[in-house]
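Before any comments, here is the structure.
Values reported hereafter were calculated over all heavy atoms of this structure, with side chains retained and with hydrogens, waters and symmetry mates removed.
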Amino acid sequence: MTAPKTPPGPHPYAAPAEEGEPLPGSSGIGPRHSTQDLAKDARAGAIVALAVAVSGVLLGLAWLWLAPRIPMISDGKAVYLKDSEGEQAIGIDGWFTLLGAAFGLLSALVVFLLRRTGGIAVVIGLAVGAVLASVVGWRLGMALGPTSDIVAHAKEVGSGKVFDGPLKLQAKGALLAWPALAMAGHLILTAAFGPRDPSPPLPDWPGWGSPESADPPPAPGKDQS
């Protein structure tokens, strides 16, 4: 004797959804919640970008303090490098690159610790803020360093006197050290220590999961038809 077929429709063990509850299979997130989440993420990304960009002031001050100076001298007619074979210009670029890399890793660590959940808005804010921070540090270091008007500076110092040349960044690619290391550091930290998505639960249907939900087997010796 064959078992009767179950008519199509909702599962007999599924409880009907009450009014106001999300239907099974739906996320339960409406347009209002989505808009609020997007606004919250955008605000977090803007805060990260602003905080990282402001920290570029520290890069400029550190660069101004640690970078070597380029000695120059004037004979009253022209201005020359005192040491024509010196490597001070390379040292200036090198210090900016090293400091940018260090600040990039530090900013990635701080952002990850404060916003462990991450999010695309936070990552974009970190990238934009790192680029702005590099520019802020570069321009601030130049502004606070020796004047770029070499001729006026030579006249002010006098003929035969040594003075410091301007603080210039010859290799503009050094500006990418901060954003590159910030992105790489944040990616590594998120992959290694970031939160993991939980596994979806198994459906609580008869025959799935716990054995209590399944129908008991028929007693032996009785008619199973």
Side-chain angles (χ1 to χ4, degrees), residues 44-115 122-189:
I47 293 174
V48 169
L50 180 60
V52 175
V54 171
S55 63
V57 174
L58 300 177
L59 172 62
L61 295 177
W63 184 46
L64 177 65
W65 178 42
L66 296 173
R69 298 294 185 262
I70 301 178
M72 308 189 77
I73 191 171
S74 173
D75 60 358
K77 297 180 180 179
V79 180
Y80 307 94
L81 291 173
K82 185 177 183 298
D83 185 6
S84 60
E85 297 181 358
E87 298 181 353
Q88 289 85 356
I90 299 176
I92 291 175
D93 293 349
W95 271 109
F96 190 92
T97 303
L98 291 176
L99 290 171
F103 277 101
L105 293 175
L106 181 60
S107 61
L109 177 61
V110 173
V111 170
F112 175 76
L113 293 177
L114 296 180
R115 294 285 301 183
V122 173
V123 175
I124 294 176
L126 178 59
V128 173
V131 174
L132 294 177
S134 293
V135 176
V136 169
W138 168 44
R139 302 303 297 181
L140 180 64
M142 290 180 57
L144 297 180
T147 178
S148 58
D149 192 348
I150 301 176
V151 176
H153 196 181
K155 291 180 179 179
E156 179 182 356
V157 172
S159 178
K161 299 292 184 65
V162 179
F163 62 94
D164 293 334
L167 192 65
K168 290 185 178 181
L169 190 64
Q170 303 295 335
K172 298 302 189 292
L175 294 171
L176 300 178
W178 189 326
L181 269 296
M183 290 293 96
H186 191 272
L187 177 62
I188 293 174
L189 290 172

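- Nearest approach of V136 to V57, heavy atoms of both residues: CG1-N, 4.0 Å.
- Of all the heavy atoms in R115 and V122, the pair that sits closest is NE-CG2, 3.8 Å.
- Taking each heavy atom of P179 and A130 in turn, the nearest pair found is CA-CB, 3.5 Å.
- In this structure, OG1 in T147 is found 12.0 Å from CG in L167, a value given to the nearest 0.5 Å.
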Self-check item: Derivation of the side-chain contact (heavy atoms from CB on, under 4.5 Å) call for V110 and S107
Solution: CA-CA 5 Å; V110 173; S107 61; 5.8 Å; no
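- I150 places a side-chain heavy atom less than 4.5 Å from the side chain of P166.
- Every residue two or more places apart in sequence or in another chain that forms a side chain to side chain contact (heavy atoms under 4.5 Å, CB included) with V123 is listed here: M183, H186.
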Quiz item: Should V52 and L132 be marked as a side-chain contact (heavy atoms from CB on, under 4.5 Å) after you check the CA-CA gap, both sets of side-chain angles, and the distance that decides it?
Solution: CA-CA 8 Å; V52 175; L132 294 177; over 6 Å; no
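- Residues L61 and L144 have side chains in contact (heavy-atom distance under 4.5 Å, counting atoms from C-beta outward).
- Across all their heavy atoms, A133 and L59 have their closest contact at O-CD2, 4.1 Å.
- The two residues T97 and A174 have their closest heavy-atom pair at OG1-CB, 3.2 Å.
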Only distances under 3.5 Å count here; give the side-chain donor-acceptor pairs of residues 63-70 to other protein atoms, sequence neighbours excluded, each with its distance to 0.1 Å.
{"residue": "W63", "atom": "NE1", "partner": "I92", "partner atom": "O", "Å": "3.0"}
{"residue": "R69", "atom": "NH1", "partner": "L64", "partner atom": "O", "Å": "3.4"}
{"residue": "R69", "atom": "NH1", "partner": "A67", "partner atom": "O", "Å": "2.9"}
{"residue": "R69", "atom": "NH2", "partner": "L64", "partner atom": "O", "Å": "2.8"}

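- Considering CD1 of I188 and CG of L105, their distance stands at 8.5 Å, rounded to 0.5 Å.
- Across G104 and W178, no two heavy atoms sit closer than the pair CA-CD1, 3.4 Å.
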Practice problem: Report the C-alpha separation of F96 and L175 in whole Å, then their side-chain angles, then the decisive distance to 0.1 Å, and conclude whether the side-chain contact (heavy atoms from CB on, under 4.5 Å) test is met. | Solution: CA-CA 8 Å; F96 190 92; L175 294 171; 3.8 Å; yes
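- The distance from the CG atom of D93 to the NZ atom of K172 is 8.0 Å, given to the nearest 0.5 Å.
- Atoms CG and CG, from L99 and L106 in turn, are 12.0 Å apart once rounded to the nearest 0.5 Å.
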